[in-house]
Amino acid sequence: MIDVLYFAWVRERIGLPRERVETGAETVADLVAELTAREERYAAAFQDLSALRVAIDQELTDFSAPLAGAREVAFFPPMTGG
Amino acid sequence: MIDVLYFAWVRERIGLPRERVETGAETVADLVAELTAREERYAAAFQDLSALRVAIDQELTDFSAPLAGAREVAFFPPMTGG
Amino acid sequence: MRVQEAAFDPGAELNRFSAAQQNAGAVVSFSGIVRDRPEGGLLHMEIEHYPGMTQSAIAGMVETAVARWSLADALVIHRHGALKRGEVIMMVATAARHRADAFAAAEFLMDYLKSRAPFWKKEVGADGAAWVAARDEDEAALGRW
Amino acid sequence: MRVQEAAFDPGAELNRFSAAQQNAGAVVSFSGIVRDRPEGGLLHMEIEHYPGMTQSAIAGMVETAVARWSLADALVIHRHGALKRGEVIMMVATAARHRADAFAAAEFLMDYLKSRAPFWKKEVGADGAAWVAARDEDEAALGRW
């Protein structure tokens, strides 16, 4: 079980801010593929990975990162702070 | 007649902040030579021109500048504002 | 370093920050203010953030800046929630002995906050709402550090 | 732009400056604070200036900065007279649409104020007084603009 968080338009497209996901995915990319296969709203959120960023346990990483030991994965668009 | 102003340590060495000078000097350098010839305190102030700056009528210039038409000449060390 | 929904007073923060400096002669501040959209009609801006990550991401940037430019001190305040036009979104302040360090560190912090701290802005107008897109120049600005 | 003997409140000035901005999202400020000498023991600092020239020199710098970086606004306040440790000597503030312009213009103004505005600082200690020497780095900094 892993906590999956969504922010900004990723959150809006998927329709929720976070959920617990039962997964055997080995990498972030595998998790994205699993979610995309689930429902159209996930496919809509993940259709262009180059427009997305991912953090594992609150550290920025990339889609090839392994999920082993991760408690929390977050997906969001490029940040626009400041 | 021209107003000659001194600032910072130039003022302190010469011992006054401003004076009116009767001069026929053609350039700033000529004026410096006239003043230097006058008294030791002027010589002390003007001994190293590379350590001095000069303004004519409140605009920075250099020692070769002509004095024709000038109302006010000021001598001072490099600025240290900010 | 603070991430908060409540408004804050940048002038009071600047004065407090400056007064706390014992031997730093140079203080630089940056404030970001909600401005209208180029096409006008902004009603308000909504700022979303990732609470768990925001604190650690900003703390990491501040630590890097303090070490790299020998800062005497650094301050970051960033709001989230709904902000109206003219409200101050965030501020950064840096203090150093010499101004070049204070300026460089403030610019570094702003560049990193802009593209690496987990905040997202949404502009809300009468005609609808849109997420602010990241600018290529902002990502490129990180390259200089 | 103001050159004055009286103390001023940098925080209040920053707030007033920011509040006056209609569409500039980025405000940068610099404040210079009287700090101790490296060897310690500073009693106060004396700042002398050339009244007739100061105003026109600063006005020229501000005009250049506003044009070159499309500033929405710029502010310069510089004190003269006797200042104690911790007192604010001067401040610069710039406002622009984008932060890069506000930062560049503030640094430009600081570099020019430092070496081209007619102010001279004297550090007074119990052991005597000495004029602050211009730093080669400050003169060199002008080369980048």
Side-chain angles (χ1 to χ4, degrees), chain C residues 8-38 40 42 45 72 85-100 102-104 106-111 113-114 121 132 135 137-138 140-141 144, chain D residues 8-38 40 42 45 72 85-100 102-104 106-111 113-114 121 132 135 137-138 140-141 144:
Chain C
F8 65 94
D9 180 336
E13 296 290 345
L14 176 66
N15 282 350
R16 187 159 34 233
F17 181 79
S18 295
Q21 303 315 317
Q22 286 305 305
N23 234 342
V27 171
V28 168
S29 83
F30 177 91
S31 332
I33 302 170
V34 179
R35 61 159 187 256
D36 206 350
R37 305 177 298 185
L42 183 79
M45 176 173 272
R85 245 179 92 172
E87 283 198 83
V88 176
I89 303 168
M90 51 79 63
M91 80 177 282
V92 156
T94 54
R97 264 191 94 70
H98 295 297
R99 71 187 186 286
F103 272 117
E107 287 203 78
F108 166 89
L109 285 171
M110 284 309 305
D111 285 352
L113 279 167
K114 202 88 187 170
K121 294 196 185 99
V132 172
R135 301 191 315 150
E137 305 94 287
D138 286 332
R144 59 179 165 156
Chain D
F8 65 93
D9 180 335
E13 296 291 345
L14 176 65
N15 282 350
R16 186 157 35 232
F17 181 78
S18 296
Q21 303 315 316
Q22 286 306 305
N23 234 343
V27 171
V28 168
S29 83
F30 177 91
S31 333
I33 303 170
V34 179
R35 61 159 187 255
D36 206 350
R37 305 177 299 185
L42 182 81
M45 177 172 272
R85 245 179 90 172
E87 282 197 83
V88 176
I89 303 168
M90 51 79 62
M91 81 177 281
V92 156
T94 54
R97 262 191 95 71
H98 295 297
R99 71 187 185 287
F103 271 117
E107 287 203 77
F108 167 89
L109 285 171
M110 283 309 305
D111 285 352
L113 278 167
K114 201 86 187 172
K121 294 195 185 101
V132 173
R135 301 191 315 150
E137 305 95 287
D138 285 332
R144 60 178 164 155

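Each chain gets a letter, A, B and so on, in the order the sequences are listed, and its residues count up from 1. What you see is a predicted model; the values in this text were computed from it and never measured.
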(request) Pick whichever of D/Ala19, D/Ala106, D/Ala12, D/Ala93 has the most heavy-atom pairs under 4.5 Å with chain C. (result)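 So the answer, after comparing D/Ala19, D/Ala106, D/Ala12, D/Ala93, is D/Ala106.
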(request) For chain C, find which of D/Gly11, D/Pro10, D/Ser29 contributes the most heavy-atom pairs closer than 4.5 angstrom. (result)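 Option with the greatest count: D/Ser29.
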Separation between [atom1] of [X] and [atom2] of [Y], rounded to the nearest 0.5 Å:
X: C/Asp111; Y: D/Arg99; atom1: CG; atom2: CZ; answer: 4.5 Å
X: D/Arg85; Y: C/Asn23; atom1: CZ; atom2: CG; answer: 5.5 Å
X: D/His98; Y: C/Arg135; atom1: NE2; atom2: CZ; answer: 4.5 Å

(request) Below 4.5 Å from any heavy atom of chain C, which atoms of D/Arg97 appear? Answer side chain, backbone, both or neither. (result) both
(message) Taking side chain as everything from C-beta outward and backbone as N, CA, C, O, which of these in D/Ile33 sits under 4.5 Å from a heavy atom of chain C? Side chain, backbone, both or neither.
(response) both
(request) Name the region of C/Gln22, side chain, backbone, both or neither, that has any atom closer than 4.5 Å to a heavy atom of chain D. (result) both
(message) Ring-plane angle category for C/Phe103 and D/Phe103, please: parallel below 30°, perpendicular beyond 60°, tilted otherwise.
(response)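 The arrangement is perpendicular - the two ring planes meet at more than 60°.
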(request) Over all heavy atoms of both residues, which pair between C/Leu14 and D/Leu14 is shortest? Give the atoms and the distance, please. (result) CD2-CD2, 3.8 Å
